[in-house]
Each structure stands twice: as structure tokens, then as C-alpha cells.
Trainee: 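Have a look at the structure that comes next, please.
When reading the values below, keep in mind they use all heavy atoms of this one structure, side chains included, and skip hydrogens, waters and symmetry mates. In this text, all values refer to a predicted model and were calculated from it rather than measured experimentally. In what follows, every chain begins at residue 1, and chains take the letters A, B, ... in the order their sequences are listed.
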Protein chains: 2
Amino acid sequence: MGKVSEKKREKQDTLFVGSLEKGLRVMSAFSAHRTELGLMEIAEITGMDKSAAQRFTNTLHRTGYLEKDAETRRFRPSLRFLELAAAYLWSDPFVQLAMPKLIEFSRSIGERVNAARPAGSDIIYVIRIPTQLTSFSAMLIGKRVQALSSSSGRIIVAHFDEERRRDALANWPIDRVTPKTVTDRALLAKEVEEAAARGYGIAVDQNIINEIGISAPVFNQAGEVAGTVQCSVSHLKWPLERVHAEIAPRLMEIANSIILPR
Amino acid sequence: MGKVSEKKREKQDTLFVGSLEKGLRVMSAFSAHRTELGLMEIAEITGMDKSAAQRFTNTLHRTGYLEKDAETRRFRPSLRFLELAAAYLWSDPFVQLAMPKLIEFSRSIGERVNAARPAGSDIIYVIRIPTQLTSFSAMLIGKRVQALSSSSGRIIVAHFDEERRRDALANWPIDRVTPKTVTDRALLAKEVEEAAARGYGIAVDQNIINEIGISAPVFNQAGEVAGTVQCSVSHLKWPLERVHAEIAPRLMEIANSIILPR
DNA sequence: TTAAAGCGTATTATTATATGATACTTTGTA
DNA sequence: TACAAAGTATCATATAATAATACGCTTTAA
């Protein structure tokens, strides 16, 4: 049913090129858990028939966006995917402004430092400066994390107006990631309130055990949180008091020094 | 003329979806120097007429791949571009294997450490661990650099067989980037020979003044250079003797410890 | 060793879908 | 204020994408 009306809308709109959308769907079929896909898998994931998968897959291969293993005939993303990332990074003033300050901070603090952007009910990391060994995913640029389980997401929501905040707290997904991930929405509301009061977000053991995340907000001219600068430290090395006393103020200072255009 | 035969080939091949290719062309219109584009600019860059640019642009916008400034009506890459990068990074075993070792190395040496992959006559950076402030472009993942002007490219070419090496040295582009960029192909051949003899690549002042790049090769099962691990240091801080004595051996050790599949 | 199933590849007729010309609207500038 | 340039909307047409079908190869089970 949804599919029918969707098709109808597309059909009526001659400014929407369905083939492009399908090709993009093939590209985004690849992810952390789908690093290498065969034709039939792609067909299944994208909801296309074999022929369609064949065509788009072939086109992406010929244009250099997909690698094809000659033996297994399976596809993988190519370096072109990374080049697109470079184009994004050049276009984002937040990244350009934050980068030098975060490098400096990372040098002085010796801990992992990141920057993120809100993306719906998630955040996406746009800068990652690894200094300590952790899980691979904690070093990945472009990684998507559910907002409510991250320090960044919490300070973002904390600056929403009443209505949006209520909506986010009621409806945004909160899947359990670690045994300590807070999934109780009332508790989460408390966390967000505290973040609002403090001015920065905190997340303890939410995505990785023994990890504390601290996030300070960067505002755009409209006064919304357009991004966050973040630091991740080990609980064992950094008791909460020291986090509040030594890390948070410096992150806030960095965040405040970043003035975004428009 | 080339265009005609190209068109013909595409026309005959029903497995090639031209609309997708055009959409991709729009996406890749964005780059370091084209961070924000209007409709007409996109039309010009991609060689499309206004209508085509309108359709693809609109489709990319509606699917969330392009941001559109409501006031200026200009387009910019969206975070989706970064998500694709994450998919690539997950899929590349070299990145996964190299990452922890390079973080460790970066911590101990305190200098910028990178990894790159060959891409035609260029290399593309797949890992960047910034520790010292430099130009923004030197911190960018996905950044493309002409191979012959980089330490990584030189050690890659050094491991080519006779014929490919000759071809690369004769035909690959060598645009001047800094006043000291080596553009003399005979000199470049010397550099590559020396790299072959040493086992690692060196590039002094080639992309950034006062910068020394050092690259060690990582081989795949077929014995080709599939990637490089690299370190960038300041000439002022690191005289060449120390680079050879202290950095190169450690990079070689790291490179040798990375065993790529297939 | 053979049969069967599953996957990737190739070819085709059909028409849905992308196309590009044109006209309209808005924006910015002389 | 008027003109030019950029963005937006509409539409008839045929190109170019489609999905069905058939083929060949590899893997697994009988």
C-alpha cells in the first residue's frame, strides 16, 4: 500500500529520477555488517529483482564505485566512496573550524577527541582523532550512533524547545548497546535535563563499557545545536569529578570559540 | 567523436543505466574547490543541460544526498557522503588491520601517521591520524594525491615490474605543487630506484614545504603493493638521518606485520 | 557420479520513464 | 525600475530502463 502510493508520487513527479534513487539504494546497502555482497543479497536488501540488481550493480562497477571480486563475483565499496567523504569534509565549515582546535586539544589531553553532527534521531561523527586503542567502530568517520545513547545526542536534545524535546524523548529509538545503556525514557529525560543545566552532555558506559563521553554544543546563527565537540575517556583512568573539572570546561571553551556562518 | 562512440557503447549495453551514471557525476562534481554549487554550475561541470541538472539535483536532494540552502538555492554534499565512507572503511581489511598499529605508532612517535591506497596514477589516503597542526587537506581522509609526488606513490611504483614502472614514470601526471616538487622525470626515476633499493619511499618538500613523507609498502598475496603506511614529519624537527634511522625501520616493521587476505 | 538448486550472466520485446524544449517565476544587479 | 540570470514547472515524445526468460557455471546433496 505504502509502496503503491510511493510509486504513484514518483510517477507523477518528472523531476524525480527513479533509477538514480535505486542506484543510491544499492550503494547504501553496504554497511558495517554488509561489507561484501553478492548479486542476490543486494537484490534482497534493496528490494529489487535480480535484473535490476544486475543493472545497477554493473553500472556502479563500470563507473568505479564498486569493486568486484573476480572469483567470488561479490561486490565491495571502492575508494570512490572515500573521495565523496573528502568532498563533504571540504564543504562543512564546522569541520574546518573545529579540526585544528581538536587536534590541539587531543595533543594536550592525550585522549580520543571527536566531532559530530546531528542527523535525525542519530548523530554522525565527522571528526575522529584516535589516540588510545579502542574498538574499530570508535575510530570511524561517518559512523552513525543513536543520539539518546551518546553524550552528543543528549546535549543536542537538551537544547531543543519543549515540544521537540518531548517528542525526541518519547519516540527516538534507544536500542540496548551495552548492558548499561539507559533504555528507560524517564531516566533519559533526567539525563537530558542535567545536560541542559550543565551545558554539556555526558554518557557513561552507553556505547562502550568503561567509556565516558563528554560533549559540548556548537551553535549556528539560528541558535540551534549544529554540532558537538566530544571527548571519550576511560572511566578507570578518569573519575567523574576529574572529567567535570578538567575536560568539560575545556570542551566548552573550544565549542564556544567556534563561530559557524549563516 | 569520443563522445559518440561512448554513447553508442552505452546504448548497446542494456546493463548500463545512464541515469545512475549521471547522478554520480553530479555527486562527484563537489570537491575541494567546489564545495557549494548552484544549478547552472552543476550543469556546466557535469556537461548536462539545465533540465538534466535540475532532475538529478532534485533527486539527490529528495533522497538526502544533497543539502539545499533555502536562500541561495545552492547545493552542498550531505552527511550521507560520510556514511558511504564508513561503509568503505568497514569493507577494507587493510584499514582494519593497519588502524591499531598506526594509532600505537602515532602515540609513540607523536607525528602525523597515515595509510594510503593506490588509485590509478594517484594515491588516496584511507587513514589519517593528525597529531601536529598542518594544512586542512593533510588531515583529510579520501584525499587524492598524485602518486609520483608522494612517498607512498614512489614506493608503489618502485615495486612495479619493469614495464609498468617505465610507463608510470613516463606518463603519470606530475603537476608542480610546491616550488620543490620534482617534475623532472629522470630525477623522479632516480627517486623511485632509490626507494626500490631502500625498501621504503621518501618525499621531501613535495606537497608541503618542510615536510618529509616516509612510506613503507604493504603487499597483498599476489605480491603487489596494496597499500602503504606513512608518516609525515617536519624537516626542521627531523633531519634526514634521523628519519632513516628512527622512523623508516619502524614503519617497515609495521608494514611487514600487516598480512592482507587473498 | 549424477541431479538439483542457487547464483551470476546474457538477450529480448515492451512500455514506462527519462528526456530536453519551452515557458514561467524569482532573485539580484545595473 | 528594468533587465539579465538563475531557478522552477509543465509537457509531448521516443529513448533508455525494464523484467521476463533462458543459459551456463559452481556448489551441495543424493
Trainee: Give me the distance, rounded to whole Å, that separates D/dC11 from D/dT15 when you measure between the P atoms they each carry.
Mentor: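 Taking atom P in both D/dC11 and D/dT15, they lie 22 Å apart.
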
Trainee: Rounded to the Å, how far apart are B/N58 CG and C/dT17 P?
Mentor: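 About 17 Å, once rounded to whole Å.
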
Trainee: Are a donor atom and an acceptor atom from the side chains of A/S19 and B/S19 found within less than 3.5 Å of each other?
Mentor: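 There is no such pair (donor and acceptor under 3.5 Å, judged by atom type) between the side chains of A/S19 and B/S19.
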
Trainee: Which pairs, with at least one residue in residues 41-56 of chain B and sequence neighbours excluded, count as a salt bridge (Lys or Arg N to Asp or Glu O under 4.0 Å)?
Mentor: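 Residue pairs with at least one partner in residues 41-56 of chain B: B/E41-B/R74.
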
Trainee: Filter on salt bridge (Lys or Arg N to Asp or Glu O under 4.0 Å), then keep only pairs touching residues 136-156 of chain B, sequence neighbours left out; what's left?
Mentor: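 Output for this query lists A/E83-B/R144, B/D122-B/R144, B/R154-B/E191.
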
Trainee: Which residues satisfy the ring pair (Phe, Tyr, Trp, His ring centres under 6.0 Å) test with A/F160, sequence neighbours excluded?
Mentor: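 Expected list: A/W172.
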
Trainee: When every nucleotide of nucleotides 2-9 of chain D is labelled 5' to 3' by its protein contacts under 4.0 Å (heavy atoms), B for base, S for sugar-phosphate only, - for none, what sequence of letters results?
Mentor: ----SBBB

Trainee: Extract all donor-acceptor atom pairs below 3.5 Å that involve side chains of residues 28-35 of chain A and protein atoms in other chains or at least two apart in sequence.
Mentor:
unit_1, atom_1, unit_2, atom_2, d
A/S28, OG, A/L24, O, 3.1
A/S28, OG, A/R25, O, 3.3

Trainee: Nearest whole angstrom, please: distance from the P of C/dG8 to the CZ of A/F56.
Mentor: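 Distance, rounded to whole Å: 17 Å.
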
Trainee: Are more than 12 heavy atoms, taken from residues, nucleotides or ligands other than A/Q221, located less than 6.0 Å from that residue's CD atom?
Mentor: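 More than 12 heavy atoms, drawn from other residues, nucleotides or ligands, come within 6.0 Å of this atom.
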
Trainee: Could you state the atom-to-atom distance from CZ of B/R25 to P of C/dA18 in whole Å?
Mentor: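 In whole Å, C/dA18 P lies 16 Å from B/R25 CZ.
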
Trainee: Can you identify which nucleotide, out of C/dA18, D/dA19, C/dG20, has its nearest atom closest to the A/D49 side chain?
Mentor: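 Of C/dA18, D/dA19, C/dG20, D/dA19 is nearest to the side chain of A/D49.
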
Trainee: When you measure from the side-chain N and O atoms of B/S19 to the phosphate of D/dA17, is any distance below 4.0 Å, counting only OP1 and OP2?
Mentor: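 The answer is yes; a side-chain N or O of B/S19 sits under 4.0 Å from OP1 or OP2.
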
Trainee: In whole angstroms, how far is the P atom of D/dT18 from the CG atom of B/D13?
Mentor: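 So the CG-P distance, B/D13 to D/dT18, works out to 13 Å.
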
Trainee: Which whole-number value in Å describes the distance from B/R62 CZ to C/dA18 P?
Mentor: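 From B/R62 CZ to C/dA18 P: 12 Å.
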
Trainee: Rounded to whole angstroms, how far apart are NZ on A/K22 and P on D/dA16?
Mentor: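 These atoms are roughly 17 Å apart.
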
Trainee: Rounded to the nearest angstrom, tell me the gap between atom CZ in A/R55 and atom P in C/dA16.
Mentor: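 From A/R55 CZ to C/dA16 P: 15 Å.
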
Trainee: Atom CE of B/M48 and atom C1' of C/dA18: how far apart are they, to the nearest Å?
Mentor: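 Going from CE in B/M48 over to C1' in C/dA18 covers 12 Å.
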
Trainee: Just jot down the side-chain hydrogen bond (donor to acceptor under 3.5 Å, both in side chains) partners of B/R128, sequence neighbours excluded, or say none.
Mentor: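 Result, side-chain hydrogen bond (donor to acceptor under 3.5 Å, both in side chains) vs B/R128: B/N114.
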
